[in-house]
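Following: one structure in structure tokens, then a few remarks.
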Amino acid sequence: FFKYLTKFCVKYAHLYTVTSENEKLELINNLNLNSSKIQVRSNWIPFTKYKELNNRLDKIVLGVGRLEEQKNYFSTIEHLANSDIGFHVVGEGSLKSKLLDFSKLKNVKIKLLGSLENKDLQELYKKYKYYVIFSKYEGNSKSIKEALAAGCIVIANNIPSSNEIIEKDQNGILIDIDKENLVDVINKLNGNKSIAKKLSYNAHKSAEQYSLNNYVTKELSDYFQVLK
């Protein structure tokens, strides 16, 4: 039903928006739709002044999202097993007790921070040097963009939705979580301040495209185009 509804909407719409290039390609390839009507309008995020990496936590990584299978927190914990790097997670979900038990089994210091108000979350990002997201799949990840805007070094599983936002080794780190080791990546970055500083600065700079100002400008342009 939704397949036919989507085709109908795009056929008769002046403009149809999606949040990522991957969504756009799926619509074009799977539904044989007119690509000229489909525009990418990514989710917007708060964008504030850059904060240096100085005095940020560099032996604890941050994760944000529901405590569910999709976010792949068990893999993150596995990567951190028996290391001196801890894991703080913002979010609620059905896997809370299992994640705590698994962390204890793997000798990982984990702290589940629960849910936070958005303004508190934006400030929290700035306390951490690293943001880790090993999700099995994502749409257009708002948390990656928020972490970039906060100047965090994002270390992400190399999946299509992540590599659409992160340019490898430029504004973040993309890794194959089945072949590369998270602790090794963090230790190398902690030992090379110039590369870490470059990644953090580039992360913040790259996130400006997702600011509310840019979003509003594009949306107004869309309305003007439709009203022509």
Side-chain angles (χ1 to χ4, degrees), residues 18-26 40 42-43 45 57-83 85-96 98-99 102-103 106 108-113 121 124-125 128-190 195-196 198-200 202-204 206-207 210:
V18 294
T19 60
S20 71
E21 288 291 345
N22 286 308
E23 287 181 72
K24 180 178 178 178
L25 287 174
E26 283 184 14
V40 176
S42 182
N43 300 319
I45 47 122
L57 297 169
D58 63 1
K59 286 290 186 178
I60 301 174
V61 300
L62 179 66
V64 174
R66 295 171 294 106
L67 308 183
E68 304 296 345
E69 286 290 345
Q70 176 207 344
K71 298 300 180 182
N72 210 16
Y73 290 130
F74 291 105
S75 178
T76 307
I77 294 166
E78 189 74 64
H79 272 253
L80 298 175
N82 300 309
S83 73
I85 298 173
F87 188 27
H88 289 179
V89 185
V90 176
E92 299 281 0
S94 64
L95 296 178
K96 183 176 180 178
K98 290 183 179 180
L99 288 169
F102 190 66
S103 297
K106 293 297 180 177
V108 174
K109 293 180 180 179
I110 192 170
K111 187 173 183 181
L112 303 181
L113 304 174
L121 176 59
L124 184 73
Y125 282 115
Y128 295 83
K129 185 174 181 178
Y130 301 106
Y131 177 77
V132 174
I133 179 167
F134 281 1
S135 295
K136 298 177 180 179
Y137 59 90
E138 286 282 344
N140 187 252
S141 176
K142 192 168 185 178
S143 70
I144 289 180
K145 297 175 194 171
E146 289 175 337
L148 292 173
C152 297
I153 298 173
V154 175
I155 305 173
N157 186 14
N158 192 359
I159 57 176
S161 56
S162 295
N163 62 38
E164 187 175 325
I165 302 170
I166 297 172
E167 185 178 354
K168 187 174 182 180
D169 299 333
Q170 296 301 313
N171 67 331
I173 305 291
L174 294 169
I175 69 171
D176 182 336
I177 63 174
D178 295 322
K179 297 179 181 179
E180 298 174 83
N181 182 268
L182 175 60
V183 172
D184 288 344
V185 171
I186 290 171
N187 286 337
K188 286 178 182 178
L189 288 169
N190 280 341
I195 290 179
K198 182 195 81 170
L199 285 168
S200 172
N202 287 349
H204 178 262
S206 70
Y210 308 117

Chi angles and distances behind the side chain to side chain contact (heavy atoms under 4.5 Å, CB included) call for Tyr73, Ile133: CA-CA 8 Å; Tyr73 290 130; Ile133 179 167; over 6 Å; no
Worked verdict on Ile175 versus Asn157 for side chain to side chain contact (heavy atoms under 4.5 Å, CB included): CA-CA 5 Å; Ile175 69 171; Asn157 186 14; 5.9 Å; no
Side chain to side chain donor-acceptor pair (under 3.5 Å) evaluation trace for Ser143 with Tyr131: CA-CA 9 Å; Ser143 70; Tyr131 177 77; 2.7 Å; yes
CA sep, side-chain torsions, deciding dist, call: Ser135, Glu138, side chain to side chain donor-acceptor pair (under 3.5 Å): CA-CA 7 Å; Ser135 295; Glu138 286 282 344; 2.7 Å; yes
Leu189 vs Tyr130, side chain to side chain contact (heavy atoms under 4.5 Å, CB included): CA-CA, chis, key distance, verdict: CA-CA 10 Å; Leu189 288 169; Tyr130 301 106; 3.2 Å; yes
Audit row: Ile165, Tyr210, side chain to side chain contact (heavy atoms under 4.5 Å, CB included) steps and yes/no: CA-CA 10 Å; Ile165 302 170; Tyr210 308 117; 3.8 Å; yes
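Take Glu26 and apply the salt bridge (charged side-chain N to carboxylate O under 4.0 Å, His left out) test, not counting sequence neighbours, and it matches no residue. Legend: residues meeting side-chain contact (heavy atoms from CB on, under 4.5 Å) with Asn72, ordered by chain and number and at least two apart, are Ser75, Phe134, Lys136, Ile177. Partners of Asn163 by side chain to side chain donor-acceptor pair (under 3.5 Å), not counting sequence neighbours, listed by chain and number: Asn158. For Lys129, there are no salt bridge (charged side-chain N to carboxylate O under 4.0 Å, His left out) partners at least two apart in sequence or on another chain. With sequence neighbours left out, the side-chain contact (heavy atoms from CB on, under 4.5 Å) criterion links Asn43 to Thr19, Asn140, Lys145. Shown here are the side chain to side chain donor-acceptor pair (under 3.5 Å) partners of His204, two or more places apart in sequence or in another chain: there are none. Listed by chain and residue number, Tyr50 satisfy the side chain to side chain donor-acceptor pair (under 3.5 Å) test with Ser200 (two or more places apart in sequence, or in another chain). The side-chain contact (heavy atoms from CB on, under 4.5 Å) check on Ile85 picks up Lys59, Val61, Leu80, Ser83, Val183, Ile186, Asn187, with sequence neighbours excluded. Among residues two or more places apart in sequence or in another chain, the side chain to side chain donor-acceptor pair (under 3.5 Å) test is passed with Glu78 by Lys106. For Tyr137, the ring pair (Phe, Tyr, Trp, His ring centres under 6.0 Å) criterion is met by no residue, not counting sequence neighbours. Here Lys142 pairs with Ile45, Glu146 under the side-chain contact (heavy atoms from CB on, under 4.5 Å) rule; sequence neighbours left out.
Shown here for Ser103 and Ile77, the closest heavy-atom pair between the two residues is OG-CD1, 3.3 Å. Smallest separation of non-hydrogen atoms from Leu199 and Gly172: CD2-N, 3.7 Å. Closest of all the heavy-atom pairs between Ile60 and Tyr128 is O-CD2, 3.7 Å. Counting all heavy atoms, side chain and backbone alike, Phe74 lies closest to Glu69 at CE1-OE2, 4.1 Å. Nearest heavy atoms, Ser161 versus Gly139: CB-O, 3.1 Å. In terms of heavy atoms, Leu174 sits closest to Ser162 at CD2-CB, 4.1 Å.
Looking at Leu62 and Phe87, their side chains never come closer than 4.5 Å, going by heavy atoms from C-beta outward. The side-chain heavy atoms of Leu67 and Leu112, taken from C-beta on, include a pair separated by under 4.5 Å. Residues Asn171 and Val154 fail the side-chain proximity criterion, which asks for heavy atoms closer than 4.5 Å.
Atom CD1 in Ile166 sits 12.5 Å away from atom CG in Asn202 (nearest 0.5 Å). Between atom CG of residue Leu25 and atom CD of residue Glu23 there is a gap of 10.5 Å, rounded to the nearest 0.5 Å. Distance check: Glu164 CD to Ile159 CD1 gives 11.0 Å after rounding to the nearest 0.5 Å. Rounded to the nearest 0.5 Å, atoms CD (Glu68) and CZ (Arg66) are 6.0 Å apart. Atom NE2 of His79 sits about 6.5 Å away from atom CG of Asn181, to the nearest 0.5 Å.
Pairs passing the salt bridge (Lys or Arg N to Asp or Glu O under 4.0 Å) check and including a residue from residues 169-181, sequence neighbours excluded, do not occur.
A 6.0 Å sphere centred on NZ of Lys109 holds no more than 12 heavy atoms belonging to other residues, nucleotides or ligands.
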